[in-house]
Each structure stands twice: as structure tokens, then as C-alpha cells.
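These numbers come from a predicted model, not from an experiment. So that the names make sense, note that chain A is the first sequence line, chain B the second, and so on, each numbered from 1.
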Amino acid sequence: MAAMQTSPAAQPAGAKPVLTVDGLSISVRTEQGMMPLVQDLSFALHKGRTLAIAGESGSGKSLTSLAIMGLLPPPAVRVTGGAINFDGQDLTKLAEGKLKQLRGNRIAMIFQEPMTALNPVMRIGAQLIEAIRAHEDVSKAEARKRALEAVRAVRLTEPERRLQQYPHELSGGMRQRVVIAMAIALRPDILIADEPTTALDVTVQREVLDLLRDLARDMNTALILITHDMGVVAEMADDVLVMQRGRMVEHASVRKLFSNPDQPYTRQLLAAVPRMGQGHGAHPDKDAEPLVSLREARVAYDLHGGLLGRVVQRVHAVEAVSFDIHPGETFALVGESGCGKSTIARALAGLVPHSGEIRFQGKPLGNDAATRKQISRELQMVFQDPMAALNGRMTAGDLVREPLVIHGVGTAASRREKAAALFARVGLGKDALDRYPHEFSGGQRQRICIARALALDPKLIIADESVSALDVSVQATVLDLLAELKREMGMSYLFISHDMAVVENIADRVAVMYLGQIVEMGTGAQVFGDPRHPYTQRLIEAVPHADPDRVLPARVLAASDPPSPVRAVGDPPDIVTLDDVGGGHLVARS
Amino acid sequence: DGHSDMDPNAKSGGNITITYKDDVATLDPAIGYDWQNWSMIKSLYDGLMDYAPGTTDLRPGLAESYEISDDGKVFTFKLREGVKFHNGREMTAEDVKYSLDRVTNPKTQSPGAGFFASIAGFDAISNGETETLEGVKVIDPLTVEITLSRPDATFLHVMGLNFAAVVAKEAVEEAGADFGKTAMGTGAFKLGEWTIGQRLVFEKNEDYWREGLPYLDSVTFEVGQEPIVALLRLQNGEVDVPGDGIPPAKFQEVMNDPEQAARVVEGGQLHTGYITLNTKMPPFDNADVRRAVNMAINKERITQVINGRAVPATQPLPPSMPGYTEGYEGYAYDPEQAKEMLAEAGFADGFETELYVMNTDPNPRIAQAIQQDLSKIGIDASIQSLAQASVIAAGGEEDQAPMIWSGGMAWIADFPDASNFYGPILGCAGAVQGGWNWSWYCNEEVDAMATEADSMTDPDAAEARLQKWSDVYMKIMEDAPWVPVFNEQRYTMKSERMGGADALYVDPVSIPVNYDYVYVNDVQ
Amino acid sequence: MINFLGRRLLQSAMILLGVSFITFALLYLLPSDPVRQIAGRSATAQTVANIREQLGLDQPFIVQYWRYLMDLLQFDLGRSYLQKTEVSALIAARLPATLLLMVGAISAELVLGLGMGIIAALRRGTTTDNTLMIASFIGVSAPQFVVGLLLLYVFAVQLGWFPIGGYGTFGHLVLPALTLGILGSGWYSRMMRSSMIDVLRQDFIRTAHAKGLSRARVLLRHALPNAILPVIAMIGIDIGIFMGGIVIVESVFGWPGIGQLAWQAIQRVDIPIIMGVTLVSACAIVLGNLVADIATLFADPRIKVR
Amino acid sequence: MLKTKEICVTAIEPATLRSAAPSVWTRLRRRKLALIGLALIALTFFGAIFAPWLTPYEPNDQMFDGLTLQGAPMPPGAQFPLGTDLLGRDLLTRILYGARTSLIIGLVANGVALVIGTLIGITAGYFRGFIGSALMRLTDLMMAFPALLLAICLAAIFQPSLWIVALVIATVNWVQTARVIYTETSSLSQREFIAAEKTLGAGHLRILFRHILPHLVPMIIVWGTLGISTTVLLEATLSYLGVGVQPPTPSWGNIIFENQTYFQAAPWLVFFPGLAIVILALAFNLVGDALRDVLDPTQRGQDQ
Ligand SMILES: Nc1ncnc2c1ncn2[C@@H]1O[C@H](COP(=O)(O)OP(=O)(O)OP(=O)(O)O)[C@@H](O)[C@H]1O
Ligand SMILES: Nc1ncnc2c1ncn2[C@@H]1O[C@H](COP(=O)(O)OP(=O)(O)OP(=O)(O)O)[C@@H](O)[C@H]1O
Ligand SMILES: [Mg+2]
Ligand SMILES: [Mg+2]
């Protein structure tokens, strides 16, 4: 596919770009010689404007930003052509010592993973102060003051206390804000944000995006925003650059791109974006016996302490949750991070002990090995992070055959056939059987997980944030596959996601969770069309829309600590009561 | 008065440093029984009897004179006047009695108690029936009378043992069980400082009853010093005498350097290294087999293996011991004949056996040399190289150790008398479970001869007595329960500044040095 | 924290109890008779029996152990069979030296091992890396006696930088600590290398670089504190490993520690001393593990005291 | 919406466009260092097995001309390539025969210790609960117990012999491995792919050995190779204390220990056996390092 450059949207007349990238090529050295990863990339960046780089996973977005920072992973990956001009110097030719002075000071970057981007054993304050003192000869106290300012600027509550905390003591959203604070502390000319919100749930995502936009505006910073979420692109960007397989596909202003994309790939990408309001949703078949039924299910994690390790506190992760999943139904759980969605999934899969009642196919879920093994044939789980859920030392083929081997299904030959068939089914070639998980892209890995879950022809698949990390096009493929299987084989899903648009698109029924309890439940149309509970309303409001013309709802930005499900022993939380507001639409009484 | 021993060249004053590998276990004369604290205790304490420096000649110590009754059973000791303990109190006959009572009392757990078995009333005290020795009487403050239950020709030697040293009662009672970490005697030195694990300092006893002695102001013992390192320090001028001698690994180096070799002192030792052959275990119950083994051992070669630091032995007694049989050739090295003898005894094809040995160098090496010699006559001996305590335990069992190489645990005489090599290690008394007669040799006839010899207490019969002992050992050699292998020579070194006769550095009683008589040249 | 310590101390007490029992049992089974050693060569059977009774060695095993345990509870370690001195006094006199040596050795091995490990990790795959690998293996394989004497010969005798053995000043400590440290440094350098390689791959290192920090700062402030975490746990294990080496090193350098005491006691089957030293060394190891855990606690804020 | 097949083509990342993986052996063979390691190991085994044909001397033959008249050993020379020892035996011969003992100790005893340590560590780390804490308390106990004392006592209670020594070494040397493996396993068993296996219905044994164990291989290699030196020297210490292999049976460790005080007078007596130990441990480490890389799928394609 030839790269075609469309002229970017009109730029502020006469303004000189702060950064220009000219014909940038990046390659990796392999056994077969230099392999190009990014080819012939050019763009310009202006003060106070936001450039979004979108595109499929593995298309070279992160590498491009690393190249600007001069942080390409040595020694294999290198810039092999082109120039990056900043402030009259070519960054690709600059000595490490000079680059060091620019990094953090003039060009700052927010990395893709907020969870791992901070040094876990260093206090937040120290990490901030260090960044300031690396570039400005100021006293510790002065640097501390500046750090405090930065922390206030990203609207973290209790800024003084935050400086004393360690990264693990903060939630993902708060950590991401710390990373942003670090990046803006020195008021850089250019801020690169690589997928700053992918790991965050919608409400936090909303806050972070608002923050970035405000900062860019207030400080007149040029922002490069890398994302695969077209909704985010639409809301944030002035210009968009679409990449595919290391090449630029299209470069246009955001309005132009959304209203009139030039390139087929861009069109594909836009078409794949799930949008709110396309949902269908169906009422459950009340007569059929439910496949899964939860009655007052509870999961509490004990926190031990004391001389004898007695339980001193309890995390009420799931509290008196009841719902049914019927055969052939897609049931979705939504809610912010830490509200207990995964815990329900884990309880169902038998990974954590529960109280209350969980029935699968009418039989109560026990904890003895035999029934567990039996149930594991019928109930499969697809985990949030495919890389973590696959044993990196086994080939994809072995991984998919694994459930067959465990349950002694078929012969070696028949298993091999079955694995190949499953791979074909999820759109992976035969050659993929002999490769290892790290040799696949994120989307492909997720498909391996799905193939594995399908191997035993289960009745229920639990999909815990299975598509969140995928770029839209891959996400769409996976969702299609799930729908296809549901049609063909009558499979049921428990679908967990924080992406409201996706949920709305595929769920028959939806339950909204808050602090371990369900606060609203009904068909997709009921919940999304007529959200009754304030929390549900807030969630839906926070969803970014892939529409640059939409007027953003006004919001009071206040960072708040999420309420905690940790309670003293003997102090259980209040149980909410659900009222039927009509047609099986249940809403918590407030 | 001992003044005949004074060295006209000696200078008074100065300090010397002596090193040891092992820490000093105790300075309690009733307990101390290793050759390291043996000489230290000798300098801190005195007994009624003593030896002339550098020799094996008995002389009176705290006793000015003594008388022996005609039947040889009653010894009357006249004590010196004005002898003071280190605390200034005068020593009296009561102290002598107290000390003997104490050492024989089982509560003291003295390893030397058995030496006093001939004193009347010993059995009563060791059974715990009484606390005092009936045979020891205080006649007046300066006279002690000791009555024996049987004549004992070695008794004066016994009174020269550390175990018989005179201690101050009040000090013992004050220190209680920790007496061994203090010292209160009448000796030439008193204990100055003792830092456990590091050093002991002996200070000159200004009131010492042998006038003019000691020459040195103080002696410092540094413990925990690896012998090789001690030698390095000696070469560096930090140490005066390496207490553990010249380490084998350095022997050649020292001897090949004329400057250092000049400071090496060589002397005999009352020591014999031997192999015990368990006469209760076949095939060593056959005297011909034992003789064959005696002929199979190449003593010259073994001596060579330890760098010639010994002389091949022919009999149990070392050459410097009175009673040694001059001119006795022993069993000459002759593997051919040994093989023939074995064949005649019915072991033409040899046999398998075990050789026990203590595990510190050079003993395993010597055992391997012995092993090779045995293999030449068809005996296949496997080596059991064990910790000292384990070898001793095995030797004390009737049926466990067919052969033991005695090195490291070997008999160094307690006192220079021929009888000292018999009782526990060759006599019937030692051939009991847990005993030290590891060859389990018990010849009633020889035992009778030994008893007879030890009853010859008349000083005029000394010659005859020694002849008797010589006969005893010749008889034993005929039965061959042992293979005497070598008599170790002592090689020691001193720093340039050390003075005094060479004999003081290889003193047979006070090893490694007779601290009372040595001096340094570099004092003003 | 108090709770954590309390629980750990309780556990440690159980471990010490176990150690005391096993040691006591093993020594009881040992085929050598301590009474014979005490009584000496000329002892009569009566004397032997007397001593056996006095020491309570004629009692059944369980009674003996029980008595020992009761004394132990009053911090009475008994008296040495051969020296007659209180074991606690003997140990107390020597323990400070051993602890000092231990601290010195651990410092030496950490400095050497971590240094070598870090350099090897940074120079991964180069000649430097390979040279350091060979050096580690030589360190691990070299007999301590020889290493000690060699160091002594070169640095004390030839160069005269340090005293030839002994105890007292810092100069005395250097060579013995180094001798022990060389052994441990081999292990540490191998572990540090792989730990460092892992950490250098992590995201926050890239963040640190992105802040424009100098290479040295990234290494020392960011990589090292993280890479060292798995290594800290080793320090507890180490003390146990050192216990063996201490016997040799203390004797080569004339260091007045408990290693020599233990060595002589084992040779002479002086059971109260062996028991005492074993318990003290077990205490040291348990304590070392505790310290390692607490250090990890401080070094890694993610670990919660439970 | 996009069709499945199209995505399949576009989603292949350039870096993964590689031919099928060559076998472990082929990849190992490409590494020079690994080959050197293998050659050294082979050489050691060859020397140990064919010792009688490689040297004209007997290992225990105390030769008259092997000592000077003063009883000093002979330095390396024409007659005795590596010199002689303190009893006039040929050192090369003893090192060759000693390889037999040392290989048994360094490989078998060390291997058994490694297996025990791994099994205990992995079980305790995975099962937690009663079994886990019982095993870890045992490990703590063993760690607090002076290994040398245990070794001495055990060896003294039984009759010392090569196999007893090997057994003793195995019983005391597993502890550290267990501790380290335990920590690693505890964190591994929290990983999501283990949870995933559980939901598939995999049994404990399968999870332990198919899924956790392979991840421990690098650590096992580090401890295993460093353990070679440690155990060979521990055997020597035991022999030196008289509870090990009995003389005159040679082993690399006891040749060193017998002669270490002579290292200035006769350095070859310590140097050559020491060299042998270092080379053996290093050789295994070279192979181990290479094997670790080869077995690690993320390292594929990185070989020279
Ligand atoms: N260190 C490396 N060695 C080899 N190939 C690499 C390396 N880092 C990245 N790549 C490859 O370079 C390509 C671009 O990677 P990059 O991280 O820039 O993708 P991306 O566009 O950021 O994707 P994502 O949305 O998944 O983050 C990918 O195919 C990837 O496999
Ligand atoms: N093993 C555990 N021990 C203690 N608390 C836990 C444990 N696992 C989860 N929790 C707590 O239980 C609560 C629910 O967690 P859960 O993983 O179910 O959240 P979630 O809704 O899946 O969140 P996310 O969207 O971030 O995945 C959280 O407060 C979490 O901190
Ligand atoms: Mg990326
Ligand atoms: Mg979750």
C-alpha cells in the first residue's frame, strides 16, 4: 500500500513549527539484515496544537515518539534515515549529552504504561524533584515547591501527601497524573503522550484527557497524542496522522479526516469504531433454565494482621450480587476500576472462594477438584491481558491443545487437527501453531486465548476486558468472532469491559457495578437508553465520541479518591435494594 | 637452690611473644593436660618435685628435701620456707594437702587423678566416700607425709606432674568453677592478662623463690595463630617462638635458608609413633601376622615423607627415655620375609583390614605410606581417617579398630620414666572398654614384671629397675602388639634476640620453651 | 511492625528449639564418649563412672535434653567439658569478633559482588562480561585457606599494607573480610548481573532517561535500588554459608572469633560448646534472615507488613 | 466491518516474519562458548573414564623417585607433567582419577540437592497453606542449622564413604536452592497464566511441572553451576575433617585440601586441581547460559 500524503489542515499562518520530522526511517537489525519498522515519515508540529497519531497496533507509533526522544532501544533499533529538527538541530545526530539536556526539559514524554513508568521504590516527590533538578540549578526546597505546583496542576488531591507516597499507593489514574505532572513540571515545548488513557476506565480517562487539553492550552505546548481510540482522537486532536505498517497513510485535520477520509485504510478504521447508540439488546428468555445464576454471591478478601495473623480487615470486593445468564445470552458487567467485576469472573471460574450461591447449569459450584474439572469443560475464561495469560514458553499450538490434553480429548493427531481448525476459525494461519506468544501482536494473542477457550466447546465464555487493549480494527474482528460463535453455537458470554461503546454494541443485558454491588441492571437499551442511577449516568457521560463536532459536556474537574471497599471486620457495607422500574430494568434505590 | 642452673650471660628484663594455634583451654593444674598449657602451668605453679631445665633429671621443687621409708611406702617432704603465692600469702603444708585432695576428688574431674592411685585412701575419695586423702598428712606447717598403699617407684615423678602442683585454696574457692581462667600458684610467672581467644600475658613473679629467676619481665602468648602465619610473623620479627613448631609445609624452606636454619633447634622428644594391632581381632590375634606387619613397614620411607623430622623407632620407648634398650635392632624392613611369614600363618593371599588414623596432617599421609607398605605383602588396608575423638572411641572398643596409627594422639610421656609407656597403653589395665590400650594386648606375665619393676623403690636398685623395664619392652616386642614407627624429633625456631641454652628450647618436660630460664639479648 | 516482629520472633524461637533438638540428638548419636576425654588416659573405671554421673550423661536422652532445655531457658548454656568454663562466657568473649568479621565480609562481598554484577550487566556479552564471569567462578571455587594466605602474603608480608593477622584495628579486618567476601562475591555478581539485566529492561528506566537524567544517576538511583531487592534476601542465607568459611579464615588470620572455638570443640567433642556455638550461629542466621526481611521491607515500599 | 481474513494478513508484525525455529541442538551448536563448554565437559568425562590408558602411573603409587631425598614433592617436569604430591604420587594421574569422585559429587550430589531444593521450593511456593508453610519451616530450620556440623555428624554416625558423602552433601545443600525457588515460585503462581491453567482444569502436577518449572530453568542453571564448585569443595572439607572420601582415593577437592598448606612450597599441588574445578564449573555455566538463552523463546533469533 503506497503512502499518500494528504495536505494537513490549515495551519496558523506564518507560525514556524517547533518540530519537523523529515523522511524518518527506523530499522531493527535482525539475522536477515536491517528490517525497516518505520519508513519515510514526515510531519510538522506547532505550538499549542495537538497532533494525534492513530493506527493499528505495531505500526510504529511508539517507535516514532521514542526516536524523537532519542530513546530507541539500543543497540538493535536505530534511526536509519531522515531527520528530526528541533530548535535548529537535528535530534538524530545530537550527542547523548546534548540530548540529555533537552529530554524532560524541552521535550517530555508520557509513556504507554502508567503502572510501570514510575520507579516503584522511590517516592513520588523524589521522582519529581529529581526531574526538575536535572535541568535547573535550584535548591531542593525550590524544586519541591515546583513539584508541588505540578502536582496541583494535574489536580491531584492532597498534593503534599502525594509527594510522600510511593507509586503503588496510588490508583492507575493517579499514577498517570503523576507521570503527566513529571512531564509538565518543566513546561516543555513538546509533550508526547503515548496512549495515556488506554489502561484507565472511562471516568478516569475523561479526567486525564480534559487535563491534557487544558495544560496544552495553558502552556501553549505542542502535544503529540498517540492513541488507537478514535473517540479520543476526535475529542482532542487538531491534526491526525494515521499510520499503518510503519508508514504514514493519511495526515489531515481532524474534521477532514472524520468527515472525508481519503484513504481506504482510514475509512476501515473509522468504520470499525463502535459508537454509542447502535446497541440492540434483548430480553432474556425467562422460561429457559439459566446457565448461570448468582444469588447473594459474596467475595471478601481477608486482610490479615496481628501476632497470630488474625483477620483484621476485609475487602468486600463483591457484595450480595444476584443475576442470571441464560443460554445464548451476552451479559455485560461495567463499572469503574476496582468495583469487583473481575472478582465475579474469578469466583465463577473457581479461582476465589465465594459465599452465597452460584449455580452453573443448575448445580451449585463447589470447590472439589472433580466438579471443578467437570465445570472447566463447560466454562472458559478469556483473560484481560493475553500476554500474561499465556505461558510464554509454550508454542501457540501447544497452548491451544492444552485443554484437550488436560481433559484427555482425542488423540495427538486429532488434537493437532482441532488446533489447526480453531486457528483457522479465529483467523490465524497454520504457521502460527509453532510460534511463541511474544511473536504475535496483541490482537493475535487475544485470538489465541479465544481459540483456547473454544477448544472444549464450552457453554459459557467469560471475557474479562478481552478487547480493551486492542486497536479498533482488531477489536472489531474479535467482537465479530464472538458474535458469530454465539449465533452458530449458542454460546453465552459474561462480558466485562469499561468501554461503554463496545458493551452497548454486543451486550444483551448489562449490569452496572459500584463498590462491589450492582446498582443498575437491564437490557442494553434500558441501561444505555434510559440510565436511571446517577453513577450509570456519569459513566455514560464520560464516554468519548468519535465525532469531532460534538460539544463536550461541561464537567467539574475534581480528582477524588475512589471509595474503598476495605472495611473493618464485622462492619459489612449496606446492601442496596434493586427496584424494577419496568421491563426488568432494575435500579438501586438511592 | 637451683642456682647452679643460672646462666652467667643471662640478662634480666624484656618480653617475648609465643604463638599457638589453639586457645588455652585452662590454666587449672588439676585439669590442664595438653602440651600447650602443660608448660604454661609449669611456669605459674610449682610442685614438690621438679626437673632440671632442659633435662629429664628430677630435682626437688617446693620440697627442700624428702625422705623415703625403707619399704618405699612413706614419703616425707620438707617444704621450703618463705615461698609465697602470687597473692603474697605463704605456702604451707596445708596447701599441699589441699591440692592433692582436690585433684583426686572426683568433683574436680581431673584427668590426672589416676596418677595418684597409689596414695593410701585414693579409692575412698574416688568413690566419693570422703573428701580427703587418708594417706596425706600435715605433720607441721613445713612437713607433709604421704603414705602409699603400695610401693611406687614413679611416685616422685608423679609429684613432679602439674596435677600435683600446689594451689592456693582461697583462690580456688573464690573463683569456683572458673578457676581455670585464673591462676594462683607459686611459680616464676603470674597471670597478668587473659583475653579469651587472643592473648595471655604472664608477668614476672618478683618474689619468686628461685632467686634471679625468671629473667624475662613478661611472656605474651598469642593464640589462634595458624602455624604458617606464625612463622611468617617470626620471619617478620613479630614473634619469638612459634609454639607449634615449624609447620611441615615450611620446613624445607626454613632448612634451606642458612640464616633461618641457624636459629632452628633440634631435640629429642619422649615420643613414639606406633601402629597398634588389635590382638583380639583376627588375623592380628596371630603373633606371626603381627610380626610380619612389623617387618613390612618401611620406616625409613615414612621418615622421609615427613621430611626427616623423626628417627625410625625399634621399640616402644624413645631413645632418650631411661630404660631404652640400646642395640636392639627391632624388626628390620623385609617385605619378602614378611610375605613368607604371612603365608606360613595361612594368609598367602593376604587379607583385608582397616587402618584408623586421626585426620590432621601429616597423619593421613603417613597412613597412606603404611597402606602402601602393607599392600606389598598382600594386606589390603582401607584407611579410616577420623576426628581424634572418633579414633579414640574406636580404639576403646574390643572389635572395632584392627589397626590404628597413633599419630596426633600418641603417647608423649607424662614424666620421663619407662613405666609411663606401659600401664594404660600396653598393660592389662588399659585393655578394657573405653581404655587406651588399643592393641588390647594383655600378657599376665608381662604385667607381673611391670608391677615388680614399679615396686623397686630403692634408689640403689634404679639400674636393676630400668633393666627390668627393658626386659618388659623386649618381651612386648616379641609379641609385637605394636609396630613402633618413629620417634619424632622436635624442631623449633627462635628469634634472633632469644638467649639461653638450646636445650631450653627443646626441653623434654616444658614444651616448647622453659619460660623460666630463657632470656632476650636486646635488653639494656 | 510490632506484630510482624512478634510473629517472626515466635517463629524464630521455634526454629531455635528445632535446631537445639536436632543438634543434641546428633551429638548424642555420635560414636565417641566425652567422658573418656574428660577423664583422661589414666582414669579408673570408677572415675569415669563418677564423671558420667556428675554430668548427667548416664540419664536417658530425653531427660538430658530436657535438662539442657530448662537451663537454656535461663540462658545457661552449661560448662565446657574440657575447659570447665561457662560456655556463655567463652562465646561472649569471641562473638563480637565474629560479628565484626561477618559484617566486614558481607560488606566486602556486597561491594565486590554488586560491583562486578553491575558492570557485567552493563557490558553484557563483551569480554569484560566474560572476564568477570571467570573471576566469579574462580572466587567461588578457590579454597579459602589458600586465598587467605595468598592475600596475607602479598598485602601483609610483601607490601606491608596490613598487619599479619590479629585483631583490633580496621586494618586487621580488611584481609579476612576480603577472603570471605571473595567467595560470596562470586554468587552475588552472578545474581546481580541477571537482576540488573531484568531491571534495565523495565519501563521506569526509560522514564528516568526521558527526564534527562545522567546515565550514572539512572543507574544508581533507579536501577540499583530495584535490582538489589532480590539480592537482599540472599544476605540472610549468606550468614549460614559464612559459618563454614569462618573456621578457616579465623585461623589463618588469627581472628579471635567463635569459629576457632567451634573447631576445637568439634575436634574434642566438647558437647556444651558445640551446642552453644550451634545455637548462637542459628540465632545469627535467623536474625540475619529477619534483618534481610526488614531490609527488604524498607527497600521495597510495596511489601506490606502483615 | 472488516473481514477476519484480511486482518490476518495485515496484523503480522514485520519482526516475526521468520522461518521455523531450528532445533535446540542446532542453535546450541551455533554458539562458540557453548561448544567450548561442551568440549571441556567431554574432556573431563573422557579423562575420568579413560584415566588408566592416559597415564602410565597408578593413582596410589608412591614412587621412590617421586620425592626428593628430603621428602619434597617434584615440580612439573618431563617425567611428571604436573609434578608429584607429598607422597611421591603423580599429580596428573591423581587429577584424572580424582575426576571420577569429583564428577560424582559435583554432578550427582549437587544434582540431587538441586532436585530436592527445587521440588521443595516449588511445592511450598505453589501450595502455600499447611504444606507450604511446613516445608518452608523445615527449610528455615535447615538453614539455621550449621550444614557442616550436620555433615560431620551424619558422616561420623555412618561409615564415611563416597556415597555417604554424596548423600550428606545432597541433604545439606538443597536449602538455599529451595529458598530461592520458593520465592520465585510464589510470585510465578500469582501470574495470570497459572490462573488461566486452573480454569482449564489443569491438575496441580501439570501446572507445577509443565508451566512453573520451565520458568525456573534460568535460576536453576545459576544455582546448579555455582553449586558444582561449592559441593566439590564441601566434599573436600568433609574429607579434610575425616568424614569424607577416605584416602588414598583422590578427588580434586581433597588433593587441594591435603596440600593447601604447601601452596608456597609446591604451588602446583593446589593450582592444578583448583584449575580443574574452575574449568568444570565454568564449562557447565557456559553450556547452561547458552541453554538458558536457547530455551527462552524470547531470545530466539538472537544467536550470533
Ligand atoms: N526492540 C524491538 N526490536 C524489534 N522490533 C521492535 C522493537 N520494538 C518494536 N519493534 C517492532 O516495531 C514495530 C512498531 O512498534 P511500536 O511499538 O512503535 O508499535 P505501536 O504503533 O506503538 O503499537 P501499539 O499500539 O501496540 O503500541 C512493531 O512491529 C514491533 O514489533
Ligand atoms: N487478592 C486480593 N486481595 C485483596 N484485595 C483484592 C484482591 N484482589 C482484588 N482485591 C480488591 O477487590 C476489589 C475488586 O477488585 P476487582 O479486580 O474485582 O476489580 P475490577 O472491577 O475487575 O477492576 P478493574 O477494572 O481495574 O479490573 C478491589 O478493591 C481490589 O483492590
Ligand atoms: Mg505503542
Ligand atoms: Mg478487572
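- Both the backbone and the side chain of Ile164(C) come within less than 4.5 Å of a heavy atom in chain B.
- Using a 4.5 Å cut-off between heavy atoms, Glu222(B) makes no contact with chain C at all.
- Taking 4.5 Å as the limit, some side-chain heavy atom of Val252(C) sits within range of a side-chain heavy atom of Val229(B).
- Residue contact with chain C, scored on non-hydrogen atoms closer than 4.5 Å, is absent for Thr195(B).
- Between Gln54(C) and Gln109(B) the shortest heavy-atom distance is OE1-NE2, 2.9 Å.
- Enclosure of atom CD in Gln59(C) by more than 12 non-hydrogen atoms of other residues, nucleotides or ligands within 6.0 angstrom is indicated.
- Heavy atoms of Val24(B) lying under 4.5 Å from chain C belong exclusively to its backbone.
- Summarising the geometry, atom CD belonging to Gln158(C) is positioned 9.5 Å from atom CG belonging to Leu232(B); distances are rounded to the nearest 0.5 Å.
- The candidate with the highest count of non-hydrogen atom pairs below 4.5 Å against chain C, out of Glu238(B), Gln433(B), Gln198(B), is Gln198(B).
- The neighbour count for Glu193(B) CD, taken as heavy atoms of other residues, nucleotides or ligands under 6.0 Å away, is above 12.
- Note on Leu90(C), Thr85(C), Val48(C), Leu261(C): by heavy-atom pairs under 4.5 Å with chain B, the leading option is Thr85(C).
- The distance from the CZ atom of Arg199(B) to the OH atom of Tyr167(C) is 11.0 Å, given to the nearest 0.5 Å.
- Minimum heavy-atom separation, Gly197(B) to Pro256(C): O-CB, 3.1 Å.
- At a threshold of 4.5 Å between non-hydrogen side-chain atoms, the residues Asp28(B) and Lys84(C) do not count as touching.
- Within the 4.5 Å cutoff, side-chain heavy atoms of Gln264(C) are placed close to those of Asp23(B).
- We find the CG-CD distance between Leu149(C) and Glu226(B) to be 6.5 Å, quoted to the nearest 0.5 Å.
- Interatomic distance, CD1 of Ile51(C) versus OG1 of Thr108(B), reported as 9.5 Å (0.5 Å rounding).
- Gln83(C) and Lys181(B) share a side-chain donor-acceptor pair at under 3.5 Å.
- Contacts with chain C were tallied for Gly224(B), Ala393(B), Gly180(B), Ala429(B); Gly224(B) has the most, counting heavy-atom pairs under 4.5 Å.
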